[in-house]
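Within every chain, numbering begins at 1; the chains are lettered A, B, ... in the order of the sequence lines, protein sequences first and strands thereafter. We use all heavy atoms of the structure for the numbers below, so side chains are in, but hydrogens, waters and symmetry mates are not. What you see is a predicted model, and the numbers here were worked out from it, not measured in a lab.
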Amino acid sequence: MEQDCSYNWLFARNNDGKLILRIEDTDQVRSTQEATQSILDSLTWLGLDWDEGPYYQSQRLNIYQEYVEKLLKQGDAEYIDDPEKGRAVRFKIRDVITDIDDLIHGKIKFDTALLEDFIIKKGDGFPTYNFACVVDDGLMEITHIIRGDDHISNTPRQIALYHALGFDLPKFAHIPMILGEDGTRLSKRHGATSAVEYREKGYLPEAIINFIALLGWSPGNDQEILTKQEMIEKFSLKRVNKASARFDTVKLDWMNSKYIRELPAEQLSAKLHYYIQKAGFDTTQLSDTWLKKLIELYKDRFKTLSEFTTQTSPFFRNQIEYESSAVEKFLKIDGASRLISDTYAKLKELENFSIQEIEDCLRDITTQHGIGFGKLAQPLRVAIIGKSASAGIFETLELLGKEKTLNRLEYAMKTFL
RNA sequence: GGCCCCAUCGUCUAGUCAGGCCUAGGACACCGGGUUUUCAUCCCGGCAACUGGGGUUCAAAUCCCCAUGGGGUCACCA
């Protein structure tokens, strides 16, 4: 659904066309407020703007009724009664050509004899999808219909309606669907995939758009990262694939991290705010400049915004968790005790606790002990972060601050050494 | 099952329309190496595909047919 929208958007913008947003809410049970709101939110978040609408089909009932009557009068439709469902109207298929001249697939032939009459107005008075969208597309003078190729099979029905209603045929472009990682259908069944859910997971809208666009389309060269502007300029239905693609989260993650790395700390900070809140971190004591430094330090280490909080949690929390394997490997070893307590004492003497000061201090310690720098950095890292991997040790100490650093060293000495 | 769509590395794809430039290019992932205080980033290198079978042609990933496989659709859902 997001892909349908983005291709429509790219196509409209590429051609200086007009994009009309229409909410097809003709199912009184399934069309909830939440559902349409989620669509609107997703489009807004992704930055896919439209020029007209949204129109709600549920508010255009009288229009559809007009055309139902027209078909009845022409003899192209008939009433059918059902004791439970009420009086509905059924369209009668005539022998017309319903072949599709698809912009992506070329000619698709159908045997009209195989088509069956179908309902256009339901017992509850609402139009069916196939009918409402043909009436709307006709009245709104839609020139191009770009949608998933799961719609191919009801296109002949719609073409028959166009003929009966006397509307000009639009051009159809059936784009391949996106399959889930397991190769089965994504949209309806997996339910997920509202773009809003990807926001929640910490993906950037630019990354999502870029990734989705490349699932079924390519600019024709080897470029993988494209701005919206570049995509608009290069987009062409001719370059859209016929085969369906699988959604590969691993590649999306890579692309997202690429976009994160290119974002200035200032903007990242604004976006990260929500996830920091969500993680429950207390930020009242923390300054903006401090946060920006932390972001800068971790920028190329996380793939999603929410991952930032899991990686930097030792900077926010007072209690940290220690990875037992890291503790075993770097703290519970010969000499660690002496080394850490010595480091503790020396760090305590520092006045500014600046990166430069810290570096000088730590380098001195390693020369005094006659060891390589890694022999100090690793135990120290584990003692203050709890893990054997983190950003640079000097920056880490500085950002953590003198007080927290000393507290953690103290705790580590008491607990593990 | 009927009808429809589709088919290049594990994945996304370039190449297919206008057959030779393809000993099939790129990206993600993976593997190896380098840089580094660890991890990540970054840099270098590697692995890896034209679904199968028939045609057409001097020549086929590219055109045609069949088979196989995958997907879609058969609602008073959209």
How is [X] classified with respect to the nucleic acid when contacts are heavy atoms under 4.0 Å: base, sugar-phosphate, or nothing?
X        : result
A:Asp25  : nothing
A:Lys238 : nothing
A:Ser218 : sugar-phosphate
A:Ile108 : sugar-phosphate
A:Phe394 : base
A:Thr366 : nothing
A:Arg246 : sugar-phosphate
A:Thr128 : sugar-phosphate
A:Ala88  : base

Side chains of residues 389-401 of chain A: which donor-acceptor partners sit under 3.5 Å, not counting sequence neighbours?
| from | atom 1 | to | atom 2 | distance (Å) |
| --- | --- | --- | --- | --- |
| A:Ser390 | OG | A:Arg381 | NH1 | 2.8 |
| A:Thr396 | OG1 | A:Ala391 | O | 3.4 |
| A:Thr396 | OG1 | A:Gly392 | O | 2.6 |
| A:Glu398 | OE2 | A:Lys293 | NZ | 3.2 |

- With the threshold set at 4.0 Å, does a side-chain nitrogen-carboxylate oxygen contact exist between A:Glu230 and A:Lys228? no
- Message: One thing to verify: whether A:Glu78 and A:Arg90 come together as a salt bridge, which I'm taking to mean a side-chain N less than 4.0 angstrom from a carboxylate O.
- Response: yes
- Both distances under 3.5 Å, Watson-Crick or G-U wobble: report the partner of B:C28, or none. B:G10
Collect all protein-nucleotide pairs involving nucleotides 41-43 of chain B in which both atoms are nitrogen or oxygen and the distance is under 3.5 Å.
| from | atom 1 | to | atom 2 | distance (Å) |
| --- | --- | --- | --- | --- |
| B:U41 | O3' | A:Arg261 | NH1 | 3.1 |
| B:C42 | OP1 | A:Arg261 | NH1 | 3.0 |

Under 4.0 angstrom between [X] side-chain N/O and [N] OP1 or OP2:
X        : N     : value
A:Arg239 : B:G15 : yes
A:Asn241 : B:A14 : yes
A:Ser153 : B:C3  : no

- Could you tell me if the ring centre of A:Phe235 sits under 6.0 Å from that of A:Tyr7? yes
- Is the gap between the ring centers of A:Tyr129 and A:His151 under 6.0 Å? yes
- Message: With a 4.5 Å cut-off on side-chain heavy atoms, are A:Glu66 and A:Lys70 touching?
- Response: no
- Message: Here's a test of your reading of the structure: between A:Gly220 and A:Ala243, which maps to the more 5' nucleotide of RNA chain B?
- Response: A:Ala243
- Message: Both A:Gln28 and A:Lys242 contact RNA chain B. Taking the nearest nucleotide for each, which residue is further toward the 5' end?
- Response: A:Lys242
